[in-house]
Amino acid sequence: MKLSVVIPCYNEELNVAPLQEACVKAFSGRVDSYELVFVNDGSQDRTWEALKALRQAGLCPVKLVNLSRNFGKEAAMYAGIQKAAGDYVTLLDADLQQSPDIVLQMVEFLDNNPDYDSVAAYQENRIEGRFTSWCKKRFYRIMDRICDIDLHEGASDFRTFRRSVALALLDVTEVHRFSKGIFSWVGFHTHYIPYMAEQRKHGTTTWSFWKLTKYALNGIISYTTFPLKIAIGTGSLMAFLSLVYTLVLVVEKYACGRAFPSGYPTIIALILLIGGLILITLGIIGEYIARIYIQGKHRPIYIAKEYLTYEEG
Ligand code: UDP
Ligand code: MG
């Protein structure tokens, strides 16, 4: 098997058939052998039925994984990579925003450049709102500054890599998955190509601004302990300032003989400030401990209830 295309699907009943057609059209006669590995990530619509119909129709080899509930795109991709048999593995969205023709370019690049292990596509111009785009840019800048890993700005999960990379990705078994970080962390020689995302064919994106923010925070907390350092830094600064303030008060009272009015407002303000800082610090530490707690349970990344494959040979 030359190429496995892993496609996570969440409520994509109308997209999966056109996507398969687009793949068959792009790959026929150009890629020796390929398979499509669809992962149904607990869709609430009829995606699973649509996928089974595709498999029945037999347009091309299709593997289907049905997760027992919605585990999120990251877990769905993991499940798909685990079932992928190809020498090359591609991660592709189900909504036709990413063209199979670009997959072909990726495959050709890997064929012609044996020293590269992976080809990732990044969006040159985003079609999303300006504000979201601005926030994403800021996120990449911040990550770049505070993390040891290097994230390529605009690079999505849309990529094709060799089997060796797929095995490395499977070795990373953390539950809180932030794939952009994982791709960078496992290393390997990666080539970046620009692409233009198309409009979503059917349905709507499931990534609300809030979900994206959570995802970004997850990325930061998974890949750096920098927030803990901020907590320690601000805490130390506050402690130092309060020491200086106390000294100033002592000097004013005994050296300058100044009489102080009752200072309730100052005291209350300081208590609130310090209390707030302590709570923030505890919150940050709590986030890290929660991760240790959840990972410590050693739960699987996903649970599949069905797996349908095809006759190989
Ligand atoms: N997806 C998934 N599980 C989820 C959310 C999304 O498998 O919980 C899939 C979705 O079906 C699509 C891909 O991940 O194939 C990208 O999702 P979407 O198009 O909503 O994201 P966007 O393109 O807006 O970043
Ligand atoms: Mg999309």
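Because only heavy atoms are used, hydrogens play no part in the values below, and waters and symmetry mates are left out as well, while side chains stay in. When a ligand or atom number is given, it counts from 1 through the structure's own listing order. Because the structure is a prediction, the values reported are computed rather than measured.
Taking the charged nitrogens against the carboxylate oxygens, Lys73 and Asp93 do have a contact shorter than 4.0 Å, which makes a salt bridge. A salt bridge links Arg291 to Glu287: one of the charged nitrogens lies within less than 4.0 Å of a carboxylate oxygen. A salt bridge is absent between Asp101 and Arg30: the closest approach of a Lys/Arg side-chain nitrogen to an acidic carboxylate oxygen does not fall below 4.0 angstrom.
Distances from the Mg ion (ligand 2) under 2.8 Å pick out these protein N/O/S atoms: Asp95 OD2, Gln97 OE1.
Residue Leu277 is found in a hydrophobic cluster whose other members, listed by chain and number, are Met238, Leu273, Ile274, Ile278, Leu282; membership requires side-chain heavy atoms under 4.5 Å apart, directly or through intermediates.
Within 4.0 Å of ligand 1, protein heavy atoms come from Pro8, Cys9, Tyr10, Glu12, Asp41, Asn70, Gly72, Lys73, Asp93, Ala94, Asp95, Gln97, Arg200, Thr205, Thr206, Trp207.
A cation-pi contact links Arg159 to Phe183, judged by a cut-off of 6.0 Å to the six-membered ring centre and 45° from its axis. A cation-pi geometry, defined here as NZ or CZ lying under 6.0 Å from the six-membered ring centre and within 45° of its normal, does not hold between Arg130 and Trp134.
From Thr160, atom OG1 reaches atom CG of Leu110 across 6.5 Å, with rounding to the nearest 0.5 Å. Note that CG of Asp45 is 9.0 Å distant from OH of Tyr10, once rounded to the nearest 0.5 Å.
For Ser208, the side-chain contact (heavy atoms from CB on, under 4.5 Å) partners are Trp210, Lys211, not counting sequence neighbours.
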